[in-house]
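Each remark here refers to the structure printed beneath this line.
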Amino acid sequence: MIELGEICRAGPLVLAALSERAVGRGPGTSIAFYGAKRPVAILMRGETKTTVYGIDGNPITPEALELRFPGQIAAFERAVDGAGAGR
């Protein structure tokens, strides 16, 4: 499952982390459960343009992110516009 994190402001920039979450259970009839959450990208918007960076700091093209996680850039832009951020 992919999750868009909280929208944050840093001066003129608006940022959010994109994270992947997983929940599972132990084998057989065990009552053990586990969960993991790991960041996969940072989405950043300046005055008008959204850019994407991997957690290693390297740029990711919007097309590559869209192929891997469809709809997440649009969701980020809707959240930014809905919050009146980036203006």
Selection residues 59-76 - residue pairs positive for salt bridge (Lys or Arg N to Asp or Glu O under 4.0 Å), sequence neighbours left out: none
Do Leu43 and Val80 make a side-chain contact, defined as non-hydrogen atoms from C-beta onward lying under 4.5 Å apart? no
For Ala79 and Ile7, which heavy atoms make the closest approach, and how far apart are they? CB-CD1, 3.9 Å
Atom CZ of Phe76 and atom CE of Met44: how far apart are they, to the nearest 0.5 Å? 8.5 Å
Are Thr51 and Lys49 close enough that some pair of their side-chain heavy atoms sits under 4.5 Å apart? yes
From Gln72 CD over to Ile2 CD1, what is the distance, rounded to the nearest 0.5 angstrom? 6.5 Å
Are Tyr53 and Leu15 in one and the same hydrophobic cluster, where Ile, Leu, Val, Met, Phe, Trp and Tyr link if side-chain heavy atoms are under 4.5 Å apart? yes
Starting at CG of Leu65, measure out to CD1 of Ile73 and round the result to the nearest 0.5 Å. 4.5 Å
Might you point out which heavy atoms bring Phe69 and Glu20 nearest each other, and give the distance in Å? CE2-OE2, 4.1 Å
Roughly how far, to the nearest 0.5 Å, is NZ of Lys37 from CZ of Arg21? 6.5 Å
For the residue pair Val52 and Ala41, what are the closest heavy atoms and their distance? CG1-CB, 4.0 Å
Check whether Ile42 and Leu13 end up in the same hydrophobic cluster, where Ile, Leu, Val, Met, Phe, Trp and Tyr are linked by side-chain heavy atoms less than 4.5 Å apart. yes
Contact summary for Ala16 and Gly5, nearest pair of heavy atoms: CB-O, 3.8 Å
